[in-house]
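Hydrogens, waters and symmetry mates play no part in the numbers below; they use all other heavy atoms, side chains included. Just so you know, residue 1 is the first one in the sequence shown, and it goes up from there. Given the structure is predicted, the values throughout are model-derived calculations rather than measurements. Both counts, for ligands and for their atoms, begin at 1 and track the order of listing.
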Amino acid sequence: MQIEPQAFDRVLSSMCTDPHPAARDAAEQFLATNPGDPGTYPNVAALEDDAIALLGEIAGLDDPAGYITSGGTEANIQAVRIARERADTRSPNVVMPESGHFSFRKAADLLGVELRVVPTDDRHRVDLEAVRASVDDDTALVIGVAGTTEYGRVDPIPELGEIAHAAGAMLHVDAAWGGFVLPFTDHEWHFGHAAVDTMAIDPHKMGQAAVPAGGLLVRSPALLDELAVDTPYLESTSQATLTGTRSGAGVASAVAAMEALWPEGYRSQYVRSQNNATWLADALEKRGYRVVDPVLPLVAADVPRSTFDALRGAGWRISRTATGELRIVCMPHVSREMLASFIGDLDRLEVRASVPVASDD
Ligand code: 0PR
């Protein structure tokens, strides 16, 4: 094999990061185990219990249940599936802010539920009035995002819980990215703050575990039963996961990362990332760009398309929001030096763009 994985030194818009060294080791140690068959691989199954207990602690859940998924997509699909199973209707719908991740579109497609997308306000948080107007007797689930993919915003979760439960629906919080930074902020986002039923919270994003390690948490073990199918020829009798065979690497690395970092390591990482985001927002604002204020470590700015393309051409791994803003995710591998070098390139490329092109005559 000739190709090696690329370094993270120019990766600015990814939600993946360099795993913690202990998480890397644990992933390697457990990569041939299958927590999908706990009768054969009891050690990794025991580790998964530890992973859920730790995730529960982070997410304010007293009697945690759930499992380590392949990622936020699987956690979101399974949350919609639980709600669909619970709903007493033949035509269930799910209400989601426009800031919701596209994995819910996959969920709606696969599960045959109607997805009702409601607008966000000028702070990129869900418009509660629009949610109220969208729920009805067929609403199975209301979705709130705690750390949106594009702007890092946190929806008003307690209010969403009230609306959902008044309508007889469940509440799912997508904290796939935000879940490992929000404990260090004063946002209300978790099971302890609000009537949350299910949550996506991914160790393989801000949790610094190796991929694949997503997390699905549910308020009570009975909710997982909605997902269970019989497994006749395995020693365990049922399986709640979407995938069958799955990597023990994700489970073990999630535990190793959380044991190494929760809470102090994650706290100092959050402070460092948030400071970097504030520094970057400030640097971009000083240069005249309109910046979406980083309430979590994610910065969006309206850099022109030509500059964006030039920065990509210079090797920066950057991406844009649906409306075209540059978005930078201050993941653990994103250092101040990287950001300073990025701003240096931005300055050079902007200067070059403003120099008149020499004509031939
Ligand atoms: N929920 C939220 C809020 C997310 O941001 C994401 C992924 C998901 C769910 C889905 O998680 P999985 O991708 O683990 O299934 N957000 C990133 C995105 O779509 C995923 C990503 C990660 C993209 C790394 C690029 C990348 O290099 O932007």
Item to check | Side chain, backbone, both or neither: Ser14 near ligand 1, heavy atoms under 4.0 Å | outcome: both

Next on the checklist: Quick check on Glu74 - does any of its heavy atoms sit under 4.0 Å from an atom of ligand 1?
Outcome noted: no

Checklist outcome for this item: One finds that the ligand 1 atoms under 4.0 Å from a non-hydrogen atom of Gly71 are 14 (O), 15 (O)

Next on the checklist: Has Asp345 got a side-chain atom pairing as donor or acceptor with Ala314's backbone, closer than 3.5 angstrom?
Outcome noted: no

Item to check | Thr73 neighbourhood, listing ligand 1 atoms whose heavy-atom distance to it stays under 4.0 Å | outcome: 10 (C), 11 (O), 12 (P), 15 (O)

Checklist entry - Between Asp293 and Arg123, is the closest basic N to carboxylate O distance under 4.0 Å? => result no

Next on the checklist: Given 3.5 Å as the limit, does a donor-acceptor pair link the side chain of Ser341 with the main chain of Glu337, or not?
Outcome noted: no

Next on the checklist: Closer than 4.0 Å to some heavy atom of Ala176 - which atoms of ligand 1 meet that?
Outcome noted: 1 (N), 2 (C), 9 (C)

Checklist entry - Quick one: does Asp155's side chain have a donor or acceptor within less than 3.5 Å of a partner on Val145's backbone? => result yes

Checklist entry - Would you call Glu74 and Arg246 a salt bridge, using N to O less than 4.0 angstrom? => result no

Next on the checklist: Tell me the contacting part of Asp174 for ligand 1: side chain, backbone, both, or neither, using a 4.0 Å heavy-atom threshold, strictly below.
Outcome noted: side chain

Checklist entry - Should you measure from each heavy atom of Met15, which atoms of ligand 1 turn up under 4.0 Å away? => result 5 (O), 16 (N), 17 (C), 22 (C), 24 (C), 26 (C)

Item to check | Carboxylate-amine/guanidinium proximity below 4.0 Å for Asp109 and Lys106 | outcome: no

Item to check | Short N or O distance, Trp177 and ligand 1, threshold 3.5 Å exclusive | outcome: no

Checklist entry - For ligand 1, does Thr148 get within less than 4.0 Å through its side chain, its backbone, both, or neither, judged by non-hydrogen atoms? => result neither

Next on the checklist: Determine whether a donor-acceptor pair (N or O, by modelled atom type, separation under 3.5 Å) exists between the side chain of Gln78 and the backbone of Ala240.
Outcome noted: yes

Checklist entry - Which atoms of ligand 1 have any heavy atom of Cys16 under 4.0 Å away? => result 24 (C)

Next on the checklist: Could you identify the single nearest non-hydrogen protein atom to atom 11 (O) of ligand 1 and state the distance to 0.1 Å?
Outcome noted: Lys205 NZ, 2.8 Å

Item to check | Side-chain ion pair, Glu226 and Arg86, N-O less than 4.0 Å | outcome: yes

Checklist entry - Could an N or O of ligand 1 be found under 3.5 Å from any N or O of Gly147, whether backbone or side chain? => result no

Item to check | Atom indices of ligand 1 within 4.0 angstrom of Asn76 heavy atoms, with elements | outcome: 1 (N), 9 (C)

Checklist entry - Can you tell which part of Asp202 has a heavy atom less than 4.0 Å from ligand 1: side chain, backbone, both or neither? => result side chain

Item to check | Backbone of Leu298 reached by a side-chain donor or acceptor of Arg327 within 3.5 Å | outcome: no

Checklist entry - Tell me, which protein residue and heavy-atom name are nearest atom 4 (C) of ligand 1, and how many Å apart are they? => result Thr149 OG1, 3.3 Å

Item to check | His204, any N or O under 3.5 Å of ligand 1 N or O | outcome: yes

Item to check | Reference residue Phe191; test side-chain contact (heavy atoms from CB on, under 4.5 Å); the match among Val196, Ile157, Val173, Asp62 | outcome: Val196

Checklist entry - Looking only at N/O atoms, are His101 and ligand 1 under 3.5 Å apart anywhere? => result yes

Checklist entry - At a 4.0 Å cut-off, with the gap strictly under it, does some heavy atom of Ala200 reach an atom of ligand 1? => result no

Item to check | atom 23 (C) of ligand 1 touched by protein (heavy atom, under 4.0 Å) | outcome: no

Item to check | Ser103 N/O to ligand 1 N/O under 3.5 Å | outcome: no

Checklist entry - Less than 4.5 Å apart, any side-chain heavy atom of Leu223 and any of Met170? => result yes

Checklist entry - Has the side chain of Asp174 got a donor or acceptor atom that lies under 3.5 Å from a matching backbone atom of Ala176? => result yes

Item to check | ligand 1 contacted by Arg317 (non-hydrogen, < 4.0 Å) | outcome: no

Next on the checklist: Do Thr40 and Glu235 pair up side chain to side chain, a donor and an acceptor below 3.5 Å, judged on atom types alone?
Outcome noted: no

